[in-house]
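Everything quoted here is computed from the prediction, not taken from an experiment. Each chain gets a letter, A, B and so on, in the order the sequences are listed, and its residues count up from 1.
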Amino acid sequence: MKNVIKSVKGTRDFYPDEMAKRQWLVRKLTEASETFGYQMYDGPCLETIDLYAAKSGEELVKEQAFVFNDRGGDPITLRPELTPTLARMVASKQNQLTFPLRWWSFGPFWRYERPQKGRTREFFQWNIDQIGSDSVQADAELLAVAATFLKNVGLNPDQVKLYVNDRQLMDSQLSKIGISAEQKPAMLHLIDRIDKLPSDVWDEKVLAEGLDAEQLKAIRELLENRELWHDSEHMRNLFAMLEVMGVADFVAYEPKIIRGLDYYTGTVFEAQATNGEFRAILGGGHYANLVADVGGSPLPGVGFAMGDVVIMLVLEAYGLIPADLVDPETLFVTVFDQDTLAESIRLASQLRAAGFKVIQAEPEKLAKQFKYADRLGLGKALVLGPEEIEGNTVVVKDLHSIEQVSVNRSQLIEHLRQ
RNA sequence: GUGCCUGUAGCUCAAUGGCAGAGUGCUUCACUGUGGAUGAAGAUGUUGAGGGUUCGACCCCCUCCAGGCACCCCA
(Lines give C-alpha, C1' and ligand atoms only; values in the text may rest on other atoms or scores of the structure.)
Protein backbone atom coordinates (compact mmCIF):
# COMPACT_ATOMS: atom_id res chain seq x y z
CA MET A 1 0.00 0.00 0.00
CA LYS A 2 2.82 2.37 0.80
CA ASN A 3 4.02 3.30 -2.66
CA VAL A 4 0.86 3.11 -4.73
CA ILE A 5 0.82 6.05 -7.10
CA LYS A 6 -2.07 8.36 -6.31
CA SER A 7 -4.91 9.14 -8.65
CA VAL A 8 -5.40 12.68 -9.88
CA LYS A 9 -7.19 14.87 -7.35
CA GLY A 10 -10.92 14.98 -7.81
CA THR A 11 -11.07 11.87 -10.00
CA ARG A 12 -12.73 8.62 -9.05
CA ASP A 13 -11.91 4.98 -9.67
CA PHE A 14 -14.89 2.91 -10.69
CA TYR A 15 -14.33 -0.57 -9.28
CA PRO A 16 -16.78 -3.16 -10.61
CA ASP A 17 -19.32 -2.41 -7.88
CA GLU A 18 -19.32 1.31 -8.63
CA MET A 19 -19.18 0.68 -12.35
CA ALA A 20 -22.29 -1.49 -12.07
CA LYS A 21 -24.06 1.41 -10.37
CA ARG A 22 -22.93 3.84 -13.04
CA GLN A 23 -24.11 1.52 -15.77
CA TRP A 24 -27.44 1.18 -14.03
CA LEU A 25 -27.74 4.97 -13.97
CA VAL A 26 -26.86 5.13 -17.66
CA ARG A 27 -29.54 2.55 -18.45
CA LYS A 28 -32.13 4.62 -16.59
CA LEU A 29 -31.31 7.88 -18.34
CA THR A 30 -31.02 6.13 -21.68
CA GLU A 31 -34.54 4.79 -21.21
CA ALA A 32 -35.88 8.21 -20.30
CA SER A 33 -34.19 9.79 -23.33
CA GLU A 34 -35.23 7.15 -25.81
CA THR A 35 -38.82 6.97 -24.58
CA PHE A 36 -39.21 10.48 -25.96
CA GLY A 37 -37.43 9.65 -29.20
CA TYR A 38 -34.15 11.41 -28.46
CA GLN A 39 -31.05 10.31 -30.37
CA MET A 40 -27.65 9.78 -28.76
CA TYR A 41 -24.68 11.84 -29.91
CA ASP A 42 -21.28 12.85 -28.57
CA GLY A 43 -18.51 15.28 -29.31
CA PRO A 44 -14.81 15.26 -28.53
CA CYS A 45 -13.53 15.62 -24.98
CA LEU A 46 -10.88 18.01 -26.28
CA GLU A 47 -11.89 21.36 -27.71
CA THR A 48 -10.16 24.59 -28.63
CA ILE A 49 -10.30 27.37 -26.10
CA ASP A 50 -11.90 29.52 -28.81
CA LEU A 51 -15.07 27.51 -28.62
CA TYR A 52 -15.63 28.59 -25.04
CA ALA A 53 -14.20 32.05 -25.51
CA ALA A 54 -17.20 32.65 -27.77
CA LYS A 55 -19.27 32.95 -24.63
CA SER A 56 -16.58 34.83 -22.82
CA GLY A 57 -16.62 36.30 -19.38
CA GLU A 58 -17.71 33.14 -17.74
CA GLU A 59 -15.92 31.89 -14.68
CA LEU A 60 -16.65 28.40 -15.89
CA VAL A 61 -14.12 28.76 -18.68
CA LYS A 62 -11.69 31.30 -17.29
CA GLU A 63 -11.31 29.79 -13.84
CA GLN A 64 -12.56 26.24 -13.99
CA ALA A 65 -11.57 24.72 -17.29
CA PHE A 66 -8.53 22.50 -17.65
CA VAL A 67 -6.42 24.22 -20.30
CA PHE A 68 -3.05 23.09 -21.57
CA ASN A 69 -0.90 23.39 -24.65
CA ASP A 70 -0.66 20.50 -27.04
CA ARG A 71 2.73 19.52 -28.45
CA GLY A 72 2.32 22.05 -31.21
CA GLY A 73 1.81 24.78 -28.64
CA ASP A 74 -1.91 25.30 -29.28
CA PRO A 75 -4.18 25.75 -26.26
CA ILE A 76 -6.50 22.81 -25.67
CA THR A 77 -9.42 22.59 -23.27
CA LEU A 78 -10.87 19.53 -21.60
CA ARG A 79 -14.56 20.19 -22.11
CA PRO A 80 -16.16 21.67 -18.95
CA GLU A 81 -19.65 21.45 -20.47
CA LEU A 82 -21.24 20.18 -23.65
CA THR A 83 -23.43 23.04 -24.84
CA PRO A 84 -20.74 24.87 -26.85
CA THR A 85 -19.77 21.59 -28.53
CA LEU A 86 -23.41 20.97 -29.34
CA ALA A 87 -23.70 24.49 -30.74
CA ARG A 88 -20.66 23.93 -32.93
CA MET A 89 -21.92 20.57 -34.18
CA VAL A 90 -25.33 22.01 -35.00
CA ALA A 91 -23.95 25.15 -36.62
CA SER A 92 -21.56 23.28 -38.91
CA LYS A 93 -24.36 21.12 -40.32
CA GLN A 94 -27.20 23.53 -39.81
CA ASN A 95 -28.56 23.15 -43.33
CA GLN A 96 -28.45 19.36 -43.33
CA LEU A 97 -30.17 18.62 -40.05
CA THR A 98 -33.86 18.00 -39.52
CA PHE A 99 -35.31 20.28 -36.89
CA PRO A 100 -36.33 20.14 -34.17
CA LEU A 101 -33.39 18.02 -33.11
CA ARG A 102 -33.91 15.73 -30.17
CA TRP A 103 -30.43 14.78 -28.98
CA TRP A 104 -28.94 13.39 -25.80
CA SER A 105 -25.47 12.49 -24.60
CA PHE A 106 -23.59 11.03 -21.65
CA GLY A 107 -19.90 11.43 -21.06
CA PRO A 108 -17.05 12.79 -18.96
CA PHE A 109 -16.42 16.45 -18.21
CA TRP A 110 -13.73 18.28 -16.28
CA ARG A 111 -13.76 21.32 -14.08
CA TYR A 112 -10.87 22.48 -11.97
CA GLU A 113 -12.48 23.22 -8.66
CA ARG A 114 -12.16 22.27 -5.04
CA PRO A 115 -13.55 18.74 -4.66
CA GLN A 116 -16.20 18.31 -2.00
CA LYS A 117 -19.39 16.39 -1.49
CA GLY A 118 -21.25 16.31 -4.78
CA ARG A 119 -18.38 17.99 -6.64
CA THR A 120 -15.46 16.28 -8.34
CA ARG A 121 -13.01 17.47 -10.97
CA GLU A 122 -13.93 14.69 -13.34
CA PHE A 123 -17.59 13.84 -13.56
CA PHE A 124 -20.09 12.36 -15.94
CA GLN A 125 -22.99 14.31 -17.27
CA TRP A 126 -26.23 13.56 -19.01
CA ASN A 127 -27.09 16.28 -21.53
CA ILE A 128 -30.36 16.39 -23.39
CA ASP A 129 -31.63 19.12 -25.68
CA GLN A 130 -34.38 19.84 -28.10
CA ILE A 131 -33.19 22.38 -30.65
CA GLY A 132 -35.18 24.30 -33.21
CA SER A 133 -38.45 24.72 -31.40
CA ASP A 134 -39.55 27.77 -29.47
CA SER A 135 -42.78 26.28 -28.17
CA VAL A 136 -44.12 25.73 -24.70
CA GLN A 137 -44.44 22.12 -25.72
CA ALA A 138 -40.68 21.78 -26.04
CA ASP A 139 -40.17 23.17 -22.53
CA ALA A 140 -42.81 20.80 -21.19
CA GLU A 141 -41.26 17.86 -22.99
CA LEU A 142 -37.84 18.35 -21.42
CA LEU A 143 -39.43 18.65 -17.98
CA ALA A 144 -41.34 15.47 -18.72
CA VAL A 145 -38.12 13.68 -19.68
CA ALA A 146 -36.57 14.77 -16.39
CA ALA A 147 -39.66 13.72 -14.42
CA THR A 148 -39.78 10.39 -16.20
CA PHE A 149 -36.18 9.75 -15.29
CA LEU A 150 -36.74 10.67 -11.63
CA LYS A 151 -39.75 8.41 -11.51
CA ASN A 152 -37.90 5.54 -13.20
CA VAL A 153 -35.10 5.54 -10.66
CA GLY A 154 -37.69 5.27 -7.91
CA LEU A 155 -37.83 8.82 -6.59
CA ASN A 156 -41.21 10.30 -5.73
CA PRO A 157 -42.44 13.91 -5.77
CA ASP A 158 -42.16 14.14 -1.99
CA GLN A 159 -38.44 13.47 -2.24
CA VAL A 160 -37.47 15.39 -5.35
CA LYS A 161 -39.04 18.20 -7.32
CA LEU A 162 -38.40 20.09 -10.51
CA TYR A 163 -38.54 23.76 -9.62
CA VAL A 164 -39.46 25.97 -12.54
CA ASN A 165 -39.36 29.67 -13.24
CA ASP A 166 -39.53 31.97 -16.25
CA ARG A 167 -36.77 34.52 -16.76
CA GLN A 168 -39.00 36.74 -18.88
CA LEU A 169 -41.57 36.77 -16.12
CA MET A 170 -38.91 37.71 -13.60
CA ASP A 171 -37.59 40.35 -15.94
CA SER A 172 -40.94 42.07 -16.27
CA GLN A 173 -41.58 41.78 -12.55
CA LEU A 174 -38.24 43.40 -11.77
CA SER A 175 -39.11 46.19 -14.21
CA LYS A 176 -42.36 46.71 -12.37
CA ILE A 177 -40.44 47.20 -9.17
CA GLY A 178 -38.39 49.83 -10.94
CA ILE A 179 -35.13 47.94 -11.31
CA SER A 180 -33.08 49.21 -14.22
CA ALA A 181 -31.67 47.08 -17.00
CA GLU A 182 -28.17 47.71 -15.61
CA GLN A 183 -29.18 46.48 -12.17
CA LYS A 184 -30.93 43.36 -13.38
CA PRO A 185 -28.00 40.98 -13.96
CA ALA A 186 -26.66 41.56 -10.46
CA MET A 187 -30.15 41.24 -9.00
CA LEU A 188 -30.82 37.99 -10.79
CA HIS A 189 -27.56 36.65 -9.44
CA LEU A 190 -28.55 37.68 -5.92
CA ILE A 191 -31.98 36.10 -6.29
CA ASP A 192 -30.28 32.88 -7.30
CA ARG A 193 -28.32 32.92 -4.04
CA ILE A 194 -30.98 34.09 -1.61
CA ASP A 195 -31.24 30.77 0.21
CA LYS A 196 -27.48 30.57 0.64
CA LEU A 197 -26.93 33.91 2.31
CA PRO A 198 -28.13 35.03 5.76
CA SER A 199 -31.13 37.26 5.25
CA ASP A 200 -29.53 40.41 6.67
CA VAL A 201 -26.46 39.93 4.48
CA TRP A 202 -28.69 39.44 1.47
CA ASP A 203 -30.61 42.63 2.26
CA GLU A 204 -27.34 44.54 2.51
CA LYS A 205 -26.18 43.29 -0.85
CA VAL A 206 -29.47 44.24 -2.48
CA LEU A 207 -29.30 47.76 -1.03
CA ALA A 208 -25.68 47.97 -2.19
CA GLU A 209 -26.95 47.51 -5.73
CA GLY A 210 -28.73 50.84 -5.39
CA LEU A 211 -32.22 49.66 -4.50
CA ASP A 212 -34.25 51.37 -1.82
CA ALA A 213 -35.96 49.73 1.14
CA GLU A 214 -39.31 49.66 -0.61
CA GLN A 215 -37.89 47.86 -3.63
CA LEU A 216 -36.18 45.39 -1.31
CA LYS A 217 -39.49 44.64 0.34
CA ALA A 218 -41.16 44.25 -3.04
CA ILE A 219 -38.53 41.78 -4.18
CA ARG A 220 -38.79 39.74 -1.04
CA GLU A 221 -42.55 39.53 -1.51
CA LEU A 222 -42.04 38.61 -5.13
CA LEU A 223 -39.77 35.72 -4.18
CA GLU A 224 -42.30 34.33 -1.73
CA ASN A 225 -45.10 34.43 -4.27
CA ARG A 226 -45.54 30.87 -5.49
CA GLU A 227 -48.61 31.95 -7.47
CA LEU A 228 -46.62 34.40 -9.56
CA TRP A 229 -46.70 32.05 -12.53
CA HIS A 230 -50.36 32.87 -13.10
CA ASP A 231 -49.11 36.23 -14.44
CA SER A 232 -47.30 34.50 -17.28
CA GLU A 233 -49.19 33.03 -20.18
CA HIS A 234 -46.17 30.92 -20.98
CA MET A 235 -46.09 29.45 -17.47
CA ARG A 236 -49.86 28.86 -17.46
CA ASN A 237 -49.60 26.94 -20.70
CA LEU A 238 -46.58 25.04 -19.44
CA PHE A 239 -48.27 23.84 -16.27
CA ALA A 240 -51.41 22.93 -18.17
CA MET A 241 -49.35 20.81 -20.53
CA LEU A 242 -47.44 19.13 -17.71
CA GLU A 243 -50.79 18.22 -16.20
CA VAL A 244 -51.86 16.53 -19.42
CA MET A 245 -48.54 14.71 -19.64
CA GLY A 246 -49.09 13.32 -16.16
CA VAL A 247 -45.90 14.70 -14.65
CA ALA A 248 -47.25 17.81 -12.92
CA ASP A 249 -46.76 16.28 -9.48
CA PHE A 250 -43.00 16.39 -10.00
CA VAL A 251 -43.00 20.07 -10.96
CA ALA A 252 -43.44 23.16 -8.80
CA TYR A 253 -43.21 26.87 -9.50
CA GLU A 254 -40.37 28.55 -7.61
CA PRO A 255 -39.61 32.26 -8.18
CA LYS A 256 -36.12 31.92 -6.67
CA ILE A 257 -34.90 29.69 -9.51
CA ILE A 258 -32.78 31.74 -11.89
CA ARG A 259 -29.82 29.52 -12.95
CA GLY A 260 -26.32 30.84 -13.29
CA LEU A 261 -25.72 30.50 -16.99
CA ASP A 262 -26.33 33.62 -19.02
CA TYR A 263 -27.70 31.99 -22.13
CA TYR A 264 -31.03 30.97 -20.61
CA THR A 265 -33.74 33.34 -21.80
CA GLY A 266 -37.07 31.78 -20.91
CA THR A 267 -38.10 28.82 -18.83
CA VAL A 268 -35.44 27.77 -16.32
CA PHE A 269 -35.58 24.80 -13.99
CA GLU A 270 -33.62 22.60 -11.66
CA ALA A 271 -34.28 19.40 -9.75
CA GLN A 272 -33.63 19.37 -6.05
CA ALA A 273 -34.23 17.13 -3.10
CA THR A 274 -37.18 18.65 -1.27
CA ASN A 275 -35.34 18.45 2.06
CA GLY A 276 -32.76 20.90 0.73
CA GLU A 277 -29.94 18.59 1.70
CA PHE A 278 -28.17 18.25 -1.62
CA ARG A 279 -26.94 20.39 -4.43
CA ALA A 280 -29.07 20.69 -7.53
CA ILE A 281 -29.52 17.32 -9.20
CA LEU A 282 -30.01 18.70 -12.67
CA GLY A 283 -30.46 22.10 -14.21
CA GLY A 284 -31.52 23.56 -17.51
CA GLY A 285 -33.76 25.87 -19.39
CA HIS A 286 -34.77 27.50 -22.60
CA TYR A 287 -32.28 29.49 -24.67
CA ALA A 288 -33.20 31.80 -27.53
CA ASN A 289 -30.03 31.44 -29.46
CA LEU A 290 -27.78 28.44 -29.32
CA VAL A 291 -25.54 28.76 -32.31
CA ALA A 292 -25.10 32.45 -33.12
CA ASP A 293 -21.90 32.71 -31.06
CA VAL A 294 -20.25 29.96 -33.06
CA GLY A 295 -21.30 31.29 -36.42
CA GLY A 296 -24.71 29.80 -37.21
CA SER A 297 -28.10 31.37 -37.75
CA PRO A 298 -30.21 31.88 -34.61
CA LEU A 299 -31.80 28.70 -33.24
CA PRO A 300 -33.85 28.39 -30.06
CA GLY A 301 -33.82 25.36 -27.88
CA VAL A 302 -34.33 23.88 -24.46
CA GLY A 303 -32.25 21.38 -22.55
CA PHE A 304 -30.79 20.33 -19.26
CA ALA A 305 -27.75 18.62 -17.79
CA MET A 306 -27.44 16.20 -14.91
CA GLY A 307 -24.16 15.24 -13.25
CA ASP A 308 -23.66 11.72 -11.99
CA VAL A 309 -22.38 12.71 -8.56
CA VAL A 310 -25.33 14.42 -6.89
CA ILE A 311 -28.01 12.11 -8.26
CA MET A 312 -26.10 9.10 -6.95
CA LEU A 313 -25.78 10.71 -3.51
CA VAL A 314 -29.52 11.34 -3.47
CA LEU A 315 -30.33 7.82 -4.65
CA GLU A 316 -27.94 6.39 -2.08
CA ALA A 317 -29.58 8.44 0.67
CA TYR A 318 -33.02 7.13 -0.25
CA GLY A 319 -31.78 3.57 -0.66
CA LEU A 320 -32.80 3.43 -4.30
CA ILE A 321 -29.67 1.97 -5.84
CA PRO A 322 -30.29 -1.75 -6.35
CA ALA A 323 -28.05 -3.72 -4.03
CA ASP A 324 -27.64 -6.67 -6.31
CA LEU A 325 -26.33 -5.27 -9.55
CA VAL A 326 -24.07 -8.25 -10.09
CA ASP A 327 -25.37 -10.23 -12.99
CA PRO A 328 -27.10 -13.14 -11.21
CA GLU A 329 -27.43 -15.05 -14.42
CA THR A 330 -23.77 -15.85 -14.68
CA LEU A 331 -23.29 -19.54 -14.06
CA PHE A 332 -20.45 -21.03 -12.07
CA VAL A 333 -19.08 -24.37 -13.19
CA THR A 334 -17.13 -26.11 -10.44
CA VAL A 335 -14.38 -28.65 -10.96
CA PHE A 336 -14.32 -31.82 -8.90
CA ASP A 337 -10.71 -32.75 -9.47
CA GLN A 338 -7.97 -32.82 -12.06
CA ASP A 339 -9.43 -35.91 -13.73
CA THR A 340 -12.81 -34.31 -14.39
CA LEU A 341 -11.45 -30.88 -15.33
CA ALA A 342 -11.77 -31.53 -19.06
CA GLU A 343 -15.41 -32.51 -18.68
CA SER A 344 -16.17 -29.33 -16.69
CA ILE A 345 -14.50 -27.20 -19.33
CA ARG A 346 -16.47 -29.01 -22.02
CA LEU A 347 -19.71 -28.31 -20.15
CA ALA A 348 -18.84 -24.64 -19.70
CA SER A 349 -18.07 -24.32 -23.40
CA GLN A 350 -21.36 -25.93 -24.37
CA LEU A 351 -23.24 -23.58 -22.09
CA ARG A 352 -21.47 -20.52 -23.49
CA ALA A 353 -22.29 -21.70 -27.00
CA ALA A 354 -25.92 -21.89 -25.88
CA GLY A 355 -25.76 -18.25 -24.82
CA PHE A 356 -25.08 -18.51 -21.09
CA LYS A 357 -22.49 -16.49 -19.22
CA VAL A 358 -20.20 -18.94 -17.52
CA ILE A 359 -17.33 -18.68 -15.09
CA GLN A 360 -15.08 -21.74 -15.05
CA ALA A 361 -13.53 -22.65 -11.70
CA GLU A 362 -10.12 -24.21 -11.24
CA PRO A 363 -9.59 -27.55 -9.51
CA GLU A 364 -9.26 -26.81 -5.82
CA LYS A 365 -11.35 -27.66 -2.80
CA LEU A 366 -15.03 -27.48 -3.58
CA ALA A 367 -15.53 -25.40 -0.45
CA LYS A 368 -13.22 -22.75 -1.82
CA GLN A 369 -14.93 -22.81 -5.16
CA PHE A 370 -18.34 -22.27 -3.58
CA LYS A 371 -17.03 -19.53 -1.36
CA TYR A 372 -15.64 -17.76 -4.41
CA ALA A 373 -18.94 -18.06 -6.28
CA ASP A 374 -20.78 -16.79 -3.23
CA ARG A 375 -18.59 -13.72 -2.94
CA LEU A 376 -19.12 -12.88 -6.55
CA GLY A 377 -22.83 -12.93 -5.83
CA LEU A 378 -23.55 -15.53 -8.46
CA GLY A 379 -26.89 -17.28 -8.58
CA LYS A 380 -26.21 -20.82 -9.67
CA ALA A 381 -23.34 -23.27 -9.44
CA LEU A 382 -23.03 -26.51 -11.38
CA VAL A 383 -21.33 -29.58 -9.97
CA LEU A 384 -19.93 -32.23 -12.26
CA GLY A 385 -18.22 -35.00 -10.27
CA PRO A 386 -17.53 -38.64 -11.05
CA GLU A 387 -21.06 -39.68 -10.05
CA GLU A 388 -22.66 -37.11 -12.34
CA ILE A 389 -20.39 -37.95 -15.23
CA GLU A 390 -21.18 -41.61 -14.69
CA GLY A 391 -24.93 -40.95 -14.68
CA ASN A 392 -24.80 -38.30 -17.39
CA THR A 393 -26.26 -35.68 -15.04
CA VAL A 394 -25.26 -32.32 -13.61
CA VAL A 395 -26.09 -30.97 -10.15
CA VAL A 396 -27.53 -27.47 -10.31
CA LYS A 397 -27.29 -25.62 -7.04
CA ASP A 398 -29.09 -22.40 -6.30
CA LEU A 399 -26.58 -20.40 -4.30
CA HIS A 400 -29.19 -18.24 -2.62
CA SER A 401 -31.64 -20.93 -1.50
CA ILE A 402 -29.02 -23.70 -1.09
CA GLU A 403 -31.37 -26.04 -2.91
CA GLN A 404 -29.80 -28.32 -5.45
CA VAL A 405 -31.23 -30.69 -8.00
CA SER A 406 -29.74 -33.30 -10.23
CA VAL A 407 -30.57 -32.69 -13.89
CA ASN A 408 -30.06 -34.95 -16.83
CA ARG A 409 -27.37 -33.56 -19.10
CA SER A 410 -29.66 -33.60 -22.12
CA GLN A 411 -32.21 -31.43 -20.31
CA LEU A 412 -29.73 -29.11 -18.63
CA ILE A 413 -29.96 -26.15 -21.01
CA GLU A 414 -33.73 -26.25 -20.95
CA HIS A 415 -33.69 -26.46 -17.17
CA LEU A 416 -31.35 -23.47 -16.87
CA ARG A 417 -33.46 -21.39 -19.20
CA GLN A 418 -36.50 -21.62 -16.97
C1' G B 1 -8.83 30.82 -5.17
C1' U B 2 -10.48 31.80 0.65
C1' G B 3 -11.67 29.94 5.74
C1' C B 4 -12.49 25.84 9.26
C1' C B 5 -12.26 20.42 10.52
C1' U B 6 -10.09 15.53 9.76
C1' G B 7 -6.14 11.78 8.39
C1' U B 8 -3.85 5.18 13.00
C1' A B 9 -4.46 -2.43 9.95
C1' G B 10 -8.47 -3.68 3.78
C1' C B 11 -12.89 -1.19 6.63
C1' U B 12 -14.92 1.26 11.37
C1' C B 13 -12.40 3.29 15.26
C1' A B 14 -9.23 3.21 20.39
C1' A B 15 -4.41 4.48 22.62
C1' U B 16 -3.57 11.46 29.15
C1' G B 17 4.11 13.04 25.51
C1' G B 18 6.16 6.72 27.78
C1' C B 19 6.03 -1.11 24.51
C1' A B 20 0.49 0.80 18.47
C1' G B 21 -4.63 -2.00 20.10
C1' A B 22 -9.96 -3.74 19.45
C1' G B 23 -14.07 -5.09 16.41
C1' U B 24 -14.85 -6.55 11.58
C1' G B 25 -12.71 -8.36 7.27
C1' C B 26 -8.61 -11.50 5.31
C1' U B 27 -5.59 -16.47 5.12
C1' U B 28 -5.35 -21.56 6.84
C1' C B 29 -7.66 -25.51 9.37
C1' A B 30 -11.82 -28.24 11.89
C1' C B 31 -15.65 -29.81 7.14
C1' U B 32 -11.91 -36.45 3.22
C1' G B 33 -18.39 -34.15 -2.78
C1' U B 34 -20.63 -28.00 -1.32
C1' G B 35 -20.34 -21.16 0.30
C1' G B 36 -23.02 -17.70 4.26
C1' A B 37 -23.09 -20.27 10.71
C1' U B 38 -19.57 -21.80 14.72
C1' G B 39 -14.70 -22.63 16.74
C1' A B 40 -9.20 -22.58 16.57
C1' A B 41 -4.68 -20.72 14.72
C1' G B 42 -2.24 -16.97 11.76
C1' A B 43 -0.87 -12.60 8.81
C1' U B 44 -1.32 -7.28 8.19
C1' G B 45 1.01 -0.68 10.15
C1' U B 46 7.31 3.97 7.69
C1' U B 47 0.24 6.13 12.73
C1' G B 48 -1.06 10.44 5.02
C1' A B 49 4.31 12.59 3.56
C1' G B 50 8.47 15.56 5.04
C1' G B 51 10.78 18.54 8.67
C1' G B 52 11.04 20.64 13.85
C1' U B 53 10.61 20.60 19.48
C1' U B 54 11.76 16.66 23.20
C1' C B 55 15.59 11.88 26.88
C1' G B 56 11.22 10.07 24.27
C1' A B 57 6.02 12.17 19.37
C1' C B 58 0.01 8.80 16.81
C1' C B 59 -0.24 12.95 20.45
C1' C B 60 2.87 19.50 20.42
C1' C B 61 4.74 23.06 16.15
C1' C B 62 5.64 24.09 10.65
C1' U B 63 5.17 22.78 5.40
C1' C B 64 3.01 19.71 1.84
C1' C B 65 -0.66 15.94 0.17
C1' A B 66 -5.54 13.88 0.48
C1' G B 67 -10.65 13.99 2.22
C1' G B 68 -14.88 16.61 4.53
C1' C B 69 -17.73 21.32 5.50
C1' A B 70 -18.81 26.47 4.25
C1' C B 71 -17.69 30.33 0.48
C1' C B 72 -16.90 30.93 -4.99
C1' C B 73 -18.99 28.42 -9.08
C1' C B 74 -22.00 24.82 -10.88
C1' A B 75 -23.88 19.05 -12.90
**Message:** Can you tell me if A:Lys371 touches the phosphate of B:C31, counting only side-chain N or O atoms and a distance under 4.0 Å to OP1 or OP2?
**Reply:** no

**Complete:** What one should report as the nearest heavy-atom pair of A:Asp337 and A:Pro363 is C-CB, 4.2 Å

**Atom-pair distance (CD1 on A:Ile402; P on B:A37), nearest Å** = 11 Å

**Request:** Apply side-chain hydrogen bond (donor to acceptor under 3.5 Å, both in side chains) to the pair A:Arg409 and A:Gln350, showing each step before the final yes or no.
**Result:** CA-CA 11 Å; A:Arg409 186 82 176 257; A:Gln350 287 167 352; 3.2 Å; yes

**Asked** Which nucleotide, B:G33, B:A30, B:A75, lies nearest any side-chain atom of A:Lys365?
**Response** B:A30

**Asked** Along nucleotides 66-71 of chain B, 5' to 3', which nucleotides get a B, which get an S, and which get a -, given that the test is a protein heavy-atom distance under 4.0 Å?
**Response** SSBSSB

**Prompt:** For the base of B:G35, is there a side-chain donor-acceptor partner from A:Lys368 under 3.5 Å away?
**Reply:** no

**Request:** Could you pull out the closest heavy-atom pair between A:Pro44 and A:Thr85, with the gap in Å?
**Result:** CD-CG2, 4.2 Å

**Request:** Send over the distance from A:Asp17 CG to B:C11 P, rounded to a whole Å.
**Result:** 15 Å

**Prompt:** Starting at the 5' end of RNA chain B and moving along, which residue's nearest nucleotide shows up first, A:Ala373 or A:Asp308?
**Reply:** A:Ala373

**Prompt:** Does B:C73 have OP1 or OP2 sitting under 4.0 Å from an N or O in the side chain of A:His189?
**Reply:** yes

**Asked** If we take the C1' atom in both B:C19 and B:G33, what is their distance in whole Å?
**Response** 49 Å

**Request:** With P as the reference atom in both, quote the distance from B:A30 to B:U46 in angstrom, rounded to an integer.
**Result:** 33 Å

**Prompt:** A:Gln338 CD to B:G33 C1': how many Å, rounded?
**Reply:** 17 Å

**Request:** Would you mind telling me which of B:G33, B:G35, B:A75 lies closest to the side-chain atoms of A:Glu387?
**Result:** B:G33

**Message:** Whether A:Lys397 and A:Glu403 form a salt bridge (side-chain N of Lys/Arg under 4.0 Å from carboxylate O of Asp/Glu) is what I want to check.
**Reply:** no

**Asked** Looking only at atom P, what distance separates B:G68 and B:C11, rounded to whole Å?
**Response** 15 Å

**Asked** Less than 4.0 Å between a side-chain N and a carboxylate O, is that true for A:Arg259 and A:Asp192?
**Response** no

**Request:** Starting at atom CG of A:Leu25, determine the distance to atom C1' of B:A75, rounded to an integer number of angstrom.
**Result:** 12 Å

**Asked** Is the distance between the ring centroids of A:Phe149 and A:Trp126 under 6.0 Å?
**Response** yes

**Asked** Taking the side chain of A:Arg375 as heavy atoms from C-beta outward, which of B:U27, B:G33, B:A75 is closest to it?
**Response** B:U27

**Request:** Could you tell me whether A:Asp398 contacts a base, only the sugar-phosphate backbone, or nothing, with contacts defined as non-hydrogen atoms closer than 4.0 Å?
**Result:** base

**Complete:** Of all heavy-atom pairs linking A:Glu113 and A:Gln64, the shortest is OE1-NE2, 3.3 Å

**Asked** Between B:U12 and B:U16, how far is it from one C1' atom to the other, in whole Å?
**Response** 23 Å

**Prompt:** Which residue, A:Glu388 or A:Ile281, contacts RNA chain B at a nucleotide closer to its 5' end, judged by nearest heavy atom?
**Reply:** A:Glu388

**Prompt:** Donor-acceptor pair under 3.5 Å: do we get one between A:Gln404's side chain and the base of B:U34?
**Reply:** yes

**Fill in**
Atom CD of A:Glu364 and atom P of B:C31 are separated, to the nearest Å, by 19 Å

**Asked** Does B:U32 pair with anything, Watson-Crick or G-U wobble, both distances under 3.5 Å, and if so, with which nucleotide?
**Response** none

**Item:** Partner nucleotide, any strand, of B:C64 [Watson-Crick/G-U, under 3.5 Å]
**Value:** B:G48

**Message:** Under 4.0 Å, heavy atoms only, any strand: does A:Leu399 hit a base, just the sugar-phosphate, or nothing?
**Reply:** base

**Prompt:** Between A:Lys397 (NZ) and B:G35 (C1'), how many Å, whole number?
**Reply:** 6 Å

**Message:** Between B:A49 and B:G7, how far apart are the two C1' atoms, rounded to whole Å?
**Reply:** 12 Å

**Item:** Integer angstrom distance from the P of B:U63 to that of B:G45
**Value:** 31 Å

**Item:** Sole candidate of A:Trp104, A:Tyr38, A:Trp103 that passes side-chain hydrogen bond (donor to acceptor under 3.5 Å, both in side chains) when paired with A:Gln130
**Value:** A:Tyr38

**Request:** Please answer whether B:G35 and A:Tyr372 are stacked, defined here as ring centres separated by less than 5.5 Å and planes angled under 30°.
**Result:** no

**Prompt:** Can you check the A:Ile128 CD1 to B:A75 P distance for me, whole Å?
**Reply:** 16 Å

**Asked** Just how far, in rounded Å, is C1' of B:C31 from CZ of A:Phe370?
**Response** 14 Å

**Message:** Let's test this: given Watson-Crick or G-U wobble pairing with both distances under 3.5 Å, identify the partner of B:G3.
**Reply:** B:C69

**Message:** Using a 4.0 Å heavy-atom cut-off, does A:Ser401 contact any base of the nucleic acid, only the sugar-phosphate backbone, or nothing at all?
**Reply:** nothing

**Span that lies between the P atom of B:G18 and that of B:C60, in whole angstrom** = 12 Å

**Item:** B:C4 and B:U54, which share atom name P, separated by this distance in whole Å
**Value:** 28 Å

**Asked** Where does the angle between the aromatic ring planes of A:Tyr287 and A:Tyr264 fall among parallel (under 30°), tilted (30 to 60°) and perpendicular (over 60°)?
**Response** tilted

**Asked** Using purine N1 to pyrimidine N3 plus N6-O4 or O6-N4 for Watson-Crick, or N1-O2 and O6-N3 for G-U wobble, each under 3.5 Å, what pairs with B:C26?
**Response** B:G42

**Centroid separation A:Phe250 to A:Tyr163 less than 6.0 Å** = no

